[in-house]
Amino acid sequence: MTFSSIPGLDEVKSQLTGSVQANHIAHALLFAGKPGALNLPLALAFANYLHCQNKTGKDACGQCGACSKSLKYVHPDTHFVFPLSNIRGDKDEDRFRSEIMKTWRNFLIEQPFGNLGNWIGFYGGEDKQALIAREQSREIIRSLALKPFESANKVMIIWQPELMHPAAANGILKILEEPPSHTFFLLVTNSAEQLLPTILSRTQIVHVPLLADEEVENYLEKNYSFDEVKRHELVQLAEGDLNFAIQMTGTEEDHHQTRFIDWMRTCFKKDYIRLMTMADEFHELDKLSQRNLMHYGLSMMRETLLEISGANNISRTKGEEQKFVQNFSKYLSVPKIEIANRLINEASYHLDRNGSAKMIFMDLSLQLSKTVNS
């Protein structure tokens, strides 16, 4: 990964490259951003930049031996720690570690902007929660005790450190505070508030914002053959999350518009028999479509709030969506939308942790029906 392959975020890129040029690099950086922020790609690009033999003031060269290995994620001086479910079926630990690292590298290559849910689906661990095991702290210390093989620097990338077992998190505190010379920790999180204060105090935070709509649209225009209308719909739904926009390129044409509108009308009518049928239909959807429907629901709640607030000038809706929002807003208020947002976010949380889709949808539907009709 190079900085040039990541859209936008020029200010953050400049901050990172400038620290190298000034030889003023913090030994532990925390790339923190909301879900959908490109903090993992930035950390990967920064690791590549640290190793590059012919770096410029703005990026790695992408052609030297170090870059060639970094772009395949096989550089011997870049180490990875990432969440994993307990899926081991091989008693040979070394062989298992080799196979999962190969899977990890393929994931980074095939889904460069992927998130935790994508990773879990990629290696086939959807039925179990992914964690960073307590044994990983010993592996981190063992890996960094060795001198660099090829580069002047060693880099340890820890993805989703908030999912570390408490024993693992406590086990790396000393080396995180006093790493070996020319060793850099790059922690990548979407939930910095869940990290131990002792880890936060040992890192320098790099805030990674979501992309602007224009940056997402420019990327889609450059890499996908869509008409302007569909591209606008994807940008509206993505809300700065490039990975989500890319995933939506392969979903159905109406992007859950019809399903969501029918769902809300059924909740308003208190048609519980129909809601049970819809719960069964929701259960049959793949996980991506389930998550996308929740995401779309949050987007429509935002648009309804804008309609109620009279901020139509920044609304993203058009056509049938706009008509629905105008009608929907007549039955909602700001407090009701706040409740609905919380309920949908909670449902998404449980879906991501492999709860029963049917039960989650039915419970959410009943609570939304109560909220809308209160």
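A quick note: this is a predicted structure, and the numbers were derived from the prediction, not measured.
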Practice task
Kindly say whether S19 contributes a backbone atom to a donor-acceptor pair with the side chain of N23 at under 3.5 angstrom?
Solution key: no
Handout entry: Side chain proximity check, H51 to D77, heavy atoms < 4.5 angstrom
Key = yes
Exercise for the section: Might you confirm whether atom CZ of R134 has over 12 heavy atoms from other residues, nucleotides or ligands at distances under 6.0 Å? Expected result: no
Handout entry: Flag side-chain contact, heavy atom, 4.5 Å: F185 against L144
Key = yes
Problem - N218 and K222, any side-chain heavy atoms less than 4.5 Å apart - result: no
Exercise for the section: Give a yes or no answer on whether the side chain of D262 reaches the backbone of T258 with a donor-acceptor pair at less than 3.5 Å. Expected result: no
Practice task
Check for a donor-acceptor pair, side chain of K55 on one end and backbone N or O of C52 on the other, with a separation under 3.5 Å.
Solution key: yes
Practice task
Check whether the ring centres of W159 and F80 lie less than 6.0 Å apart, and answer yes or no.
Solution key: no
Exercise for the section: Could you give me the CA-CA distance, side-chain angles and deciding distance for N243 and N118, then say whether side chain to side chain donor-acceptor pair (under 3.5 Å) is met? Expected result: CA-CA 10 Å; N243 179 57; N118 300 143; 2.8 Å; yes
Exercise for the section: Decide whether N54 and Q63 meet the rule of one side-chain donor and one side-chain acceptor closer than 3.5 Å. Expected result: no
Handout entry: E193 atom CD: more than 12 heavy-atom contacts under 6.0 Å
Key = yes
Problem - Backbone of A133 reached by a side-chain donor or acceptor of Q136 within 3.5 Å - result: no
Practice task
Output yes when E281 and R274 qualify as a salt bridge under the 4.0 Å nitrogen-oxygen rule, no when they do not.
Solution key: yes
Problem - Check: W119 and L116 side chains under 4.5 Å, non-hydrogen atoms - result: yes
Handout entry: Ring center gap for F107 and Y123 short of 6.0 angstrom
Key = no
Handout entry: Chi angles and distances behind the side chain to side chain contact (heavy atoms under 4.5 Å, CB included) call for H165, E135
Key = CA-CA 9 Å; H165 188 281; E135 296 83 8; over 6 Å; no
Exercise for the section: Flag the pair I337 / R302 as yes when at least one side-chain heavy-atom distance between them is below 4.5 Å, and no otherwise. Expected result: no
Problem - Donor-acceptor contact below 3.5 Å, side chain S309 vs main chain L305 - result: yes
Practice task
Take E239 and L210 through the test side chain to side chain contact (heavy atoms under 4.5 Å, CB included) and record every step on the way to the result.
Solution key: CA-CA 8 Å; E239 296 183 332; L210 293 168; 6.0 Å; no
Handout entry: Distance-only donor-acceptor check, side chains N292 and S289, under 3.5 Å
Key = no
Problem - Side-chain (R202) to main-chain (T198) donor-acceptor, under 3.5 angstrom - result: yes
Practice task
Could you state whether L200 and I175 fall into the same hydrophobic cluster, counting links through intermediate Ile, Leu, Val, Met, Phe, Trp or Tyr residues with side-chain heavy atoms under 4.5 angstrom apart?
Solution key: yes
Practice task
Please tell me if the side chains of L30 and Q204 come closer than 4.5 Å, counting only heavy atoms from C-beta onward.
Solution key: no
Problem - M300-V334 co-clustered via ILVMFWY side chain contacts under 4.5 Å - result: yes
Handout entry: Side-chain touch P76/K69, heavy atoms, less than 4.5 angstrom
Key = yes
Handout entry: Steps toward side chain to side chain contact (heavy atoms under 4.5 Å, CB included) verdict (K58, K13)
Key = CA-CA 8 Å; K58 294 185 177 181; K13 294 175 185 176; over 6 Å; no
Practice task
May I ask you to test the L16-Y49 pair for a side-chain heavy-atom distance under 4.5 Å?
Solution key: no
Practice task
Would you confirm whether T203, through its side chain, and I205, through its main-chain N or O, come within 3.5 Å as a donor-acceptor pair?
Solution key: no
Practice task
Would you check if there is a donor-acceptor pair between the side chains of D363 and Q367 at a distance under 3.5 Å?
Solution key: yes
Problem - Within one Ile-Leu-Val-Met-Phe-Trp-Tyr cluster: I157 and L176, side-chain cutoff 4.5 Å - result: no
Problem - Ionic contact status for R342 with E346, cut-off 4.0 Å - result: yes
Practice task
Check the hydrophobic clustering (I, L, V, M, F, W, Y; side-chain heavy atoms under 4.5 Å; chains of links allowed) and say if M359 and M278 are grouped together.
Solution key: no
Practice task
Give a yes or no on whether the backbone of F3 and the side-chain of D59 come within a donor-acceptor separation of less than 3.5 Å.
Solution key: yes
Practice task
Can you run down the ring-ring contact (aromatic ring centres under 6.0 Å, His included) pairs that involve residues 351-374, sequence neighbours left out, and say none if there aren't any?
Solution key: W263-F361, F282-F361
Problem - Whether F46 and F31 hold their rings parallel, tilted or perpendicular, with breakpoints at 30° and 60° - result: tilted
Exercise for the section: Please lay out, stage by stage, how H182 and K154 fare under the test side chain to side chain donor-acceptor pair (under 3.5 Å). Expected result: CA-CA 6 Å; H182 297 286; K154 289 180 74 73; over 6 Å; no
Exercise for the section: For T103 and E99, indicate whether the former's side chain and the latter's backbone hold a donor-acceptor pair under 3.5 Å. Expected result: yes
Exercise for the section: Keeping the roles fixed (side chain from K336, backbone from S374), state whether a donor-acceptor pair exists under 3.5 Å. Expected result: yes
Practice task
Name the orientation class of the two ring planes belonging to Y296 and F260 (parallel below 30°, tilted from 30 to 60°, perpendicular beyond 60°).
Solution key: perpendicular
Problem - Flag for S4-T2: side-chain donor and acceptor within less than 3.5 Å - result: yes
Exercise for the section: Tell me, yes or no, whether the heavy-atom count around Y224 atom OH, taken from other residues, nucleotides or ligands under 6.0 Å, exceeds 12. Expected result: yes
Practice task
Treating Ile, Leu, Val, Met, Phe, Trp and Tyr as nodes and any side-chain heavy-atom pair under 4.5 angstrom as an edge, say whether I158 and L42 lie in one connected cluster.
Solution key: no
Exercise for the section: Might you work through the side chain to side chain donor-acceptor pair (under 3.5 Å) test for T183 and H27, ending with a clear yes or no? Expected result: CA-CA 7 Å; T183 298; H27 67 268; over 6 Å; no
